[in-house]
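Single-structure report; data block below.
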Amino acid sequence: MTDDSGATIEDYYREERTFPPSPDFVAGAVLADPGIYPRADADPEAFWAEQARELLTWDRDFDTTLDWQLPFGRWFVGGPLNVSYNCLDRHVEAGLGHRVAIHWEGEPGDPRAITYADLLAEVGGVANALKRLGVDTGDRVCIYLPMIPEAVVAMLACSRIGAAHSVVFGGFSPDSLIDRINDAGATVVVTADGGYRRGVPFLLKPNVDVAVADCPTVTSVVVVDRCGSGPHMTPGRDHWWSDLVAAESAECAPLPLDSEQLLYLLYTSGTTAKPKGIMHTTGGYLTQVAWTHKVVFDLRPETDVYWCAADVGWVTGHSYIVYGPLCNGATTVMYEGTPDTPREDARSGDDPAGWDKDRLWDIIERYGVTQLYTAPTAIRTFMKWGADWPARHDLSSLRVLGTVGEPINPEAWMWYHTHIGGERCPIVDTWWQTETGGHMITPLPGITATKPGSACRALPGIGAELVDDHGKVVEHGGGYLTLTRPWPSMLRGIWGDPERYRDTYWSRFEGRYFPGDGAKVDDDGYMWLLGRVDDVMNVSGHRISTTEVESALVDHPAVAEAAVVGASDDTTGQAIVGYVILRGGNDPTEELRQDIRSHVATKLGAIARPRAVIIVPDLPKTRSGKIMRRLLRDVVEGRELGDTTTLADANVVEAIRDRAGSGSTDED
Ligand code: WTA
């Protein structure tokens, strides 16, 4: 149904600021010629074939760039290659074995610098150990680890022998682990006794013990000793990582694998249904993540220290901590813990007031980080903590900043630009998904004049268009985002369920991939992501995006973070309810709440004035930082909560329930 204006999703938020790259940046940029867009669009397959040949080492050149039987694509057919060879051996062969691949920092402050030569040797040993445990090409290995280098080693070891990994984020419960192991039919689980987070060890091995009891396919469990917690080890089934590696040679020949060999499964939880095992394969995936990592972050591998602060358990970690950077021979930073950590003298305490909130800025200063890639939710948290924390550190090494995971509100973008980027670093707001494997819509830092809050445009070689409810292309204003042609790192399907793959992504609009996001396009052809279409609110027939109202809320000087939901309303169908977190130093008065409501009306128009603004200490988020609006709708409509298994902190919702009665609900 469309409203009277005819728009699929309406367009209210106006943002006029633009930031072209500086002449200095352009002069040294990896890509500075806008001619790459028309050139790639003229023949996308030839464009991607060129990147594949230039960036990757193949055991034999491929015969066919793309075999496309909608919705199933095969890229670089007939070209065998090995991912771990591309990420390790060839750099060592080129004399770069001494280059640091990973600067790892444990949360307690224990650093490790791992060179490409070190990484290659460790991967060889683990690959041999996996083979000894019976893992063969095509088998699945579940990796359930904290943010330690062994996670990267285990992934690359799988790729070396053609086994597929399925990384399960260390914060997930035994139940989630059971579902994922059984769906994949994994035979080996790689885990650790635990990891450090917020000053204390959190244990993983007990979760594995509970899970594996219900996983008949698992024959072996490999355990990294991270915390010295002395876990229970089941004889015959459980093995210490260090014992296995010590017994093996560090040399393991990389297997030449088909370009369409399954590289990994990564499960994304739909909001209600059973998690989907997203399938990524070898040649196309590596081509797109390597190319995008190089051009979107303007990588200079000889001198840069690149840092993606995501967890390795998310697709961002797979593509932009592990595969893209290592394929490009980059030096990366990997950090185990959270951005706020208890001070040395307060290690045992759990009062976050006494904690340091500058761990990220400290790491950037100490390692001379040149690119930082993080999520809008983290940036809004830093805003809440205040600009004094980054101001204590020298952040002048930074050259490029990136964001991913959610639309970034213009005010959060401006804060990042000002307080982290020193008004000098281009910001790349990268839109993509687990399913797309790599970046799809994003600025190129040496070419694009950015606008705060806009992911700008599709990358060269990528086709993206908005359509309305009838599938008609929208040239201007709001609509559904669609991808118009296959791309190398596209998902190859959902593990074990080709029909679900077709239904979920390819059935809504004929011939197009539908990612489930809304967006709008402005006069200059820039794209602005508007959030999941399931979250769009319908107020008196107007389809208003949660993202735009949240951006208007965050635009208020007292607001650090906001989540908006549509609550059912007798008169208007849905009414807007805004949950807000205040910036430090603001009192939650009735006057302030009214002022925040009026601010939204001024920014977007009276139709978008929230019926209520509820001030809360925290918001319910998934472990990857996405706001769970579904739970907020349950609270505001007084329902029992739906599935909460992916919630990062279960106490948050209770705290919000307590406040929900106190929202300002004047009708004016
Ligand atoms: C959202 C994360 C706006 C979007 C890589 C997408 C974004 C979902 C952006 C995928 C962005 C991600 N601007 N929205 N820059 N990046 N999203 O699978 O709704 O964890 O569909 O992959 O996050 O989330 P996923």
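We count residues from 1, following the sequence as given. Every value quoted in this text rests on a predicted model; they were computed, and no experiment measured them. Read the numbers this way: they start at 1 and go in the same order the structure lists the ligands and their atoms.
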_Partner of D535 by salt bridge (Lys or Arg N to Asp or Glu O under 4.0 Å), out of K626, R630, R633_ = R633
*For the residue pair H293 and Y373, is the inter-centroid distance of their aromatic rings smaller than 6.0 Å?*
no
*Are A455 and ligand 1 in contact, using a heavy-atom cut-off of under 4.0 Å?*
no
_Salt bridge R543-E548, side-chain N to carboxylate O under 4.0 Å_ = no
*When you measure from atom 16 (N) of ligand 1 to every protein heavy atom, which one gives the shortest distance, and what is it?*
G405 N, 3.0 Å
*Where on E406 is there a heavy atom closer than 4.0 Å to ligand 1, on the side chain, on the backbone, on both, or on neither?*
backbone
*Parallel under 30°, tilted from 30 to 60°, perpendicular over 60°: which one fits the rings of Y335 and W307?*
perpendicular
_Presence of salt bridge, R583 and E411, under 4.0 angstrom_ = no
*Which of the atoms of ligand 1 are close to T430, meaning less than 4.0 Å from one of its heavy atoms?*
9 (C), 11 (C), 15 (N), 16 (N)
*Any N or O on T403 sitting closer than 3.5 Å to an N or O of ligand 1?*
no
_Closer than 3.5 angstrom, by distance alone: can the side chain of S489 be matched with the main-chain N or O of T436 as a donor-acceptor pair?_
yes
*asked:* Considering non-hydrogen atoms of the protein only, which is the closest contact for atom 25 (P) of ligand 1, and what is the distance?
replied: T434 OG1, 3.6 Å
*Before signing off on this row, confirm whether V315 and ligand 1 have an N or O atom pair separated by under 3.5 Å.*
no
*Run the ring-centre check on Y416 versus F382 and record whether the distance is less than 6.0 Å.*
no
*Can you pull out the closest protein heavy atom to atom 20 (O) of ligand 1? Residue, atom name and distance to 0.1 Å, please.*
K626 NZ, 3.4 Å
*Atoms of ligand 1 less than 4.0 Å from Q433 heavy atoms?*
6 (C), 10 (C), 18 (O), 21 (O), 22 (O)
*So is T268 polar-close to ligand 1, meaning N/O to N/O under 3.5 Å?*
no
*Protein heavy-atom partner closest to atom 4 (C) of ligand 1 - residue, atom, separation in Å*: D517 OD2, 2.8 Å
*Can you pull out the closest protein heavy atom to atom 3 (C) of ligand 1? Residue, atom name and distance to 0.1 Å, please.*
P407 N, 3.1 Å
*With sequence neighbours left out, write down each residue that passes side-chain contact (heavy atoms from CB on, under 4.5 Å) with Y37, or none if nothing qualifies.*
L444, I447, T448, R457, P460
*Atoms of ligand 1, numbered as shown, that sit under 4.0 Å from any heavy atom of R532*: 19 (O), 21 (O)
*Heavy atom of W432 under 4.0 Å from ligand 1?*
yes
_Atom indices of ligand 1, in the order listed, that fall short of 4.0 Å to a heavy atom of V404_ = 5 (C)
_Using the ring centroid of each side chain, check whether W528 and Y13 are separated by less than 6.0 Å._
no
*Without swapping roles, check the side chain of E550 against the backbone of V564 for a donor-acceptor pair under 3.5 Å.*
yes
*Atoms of ligand 1 less than 4.0 Å from D429 heavy atoms?*
11 (C), 13 (N), 15 (N)
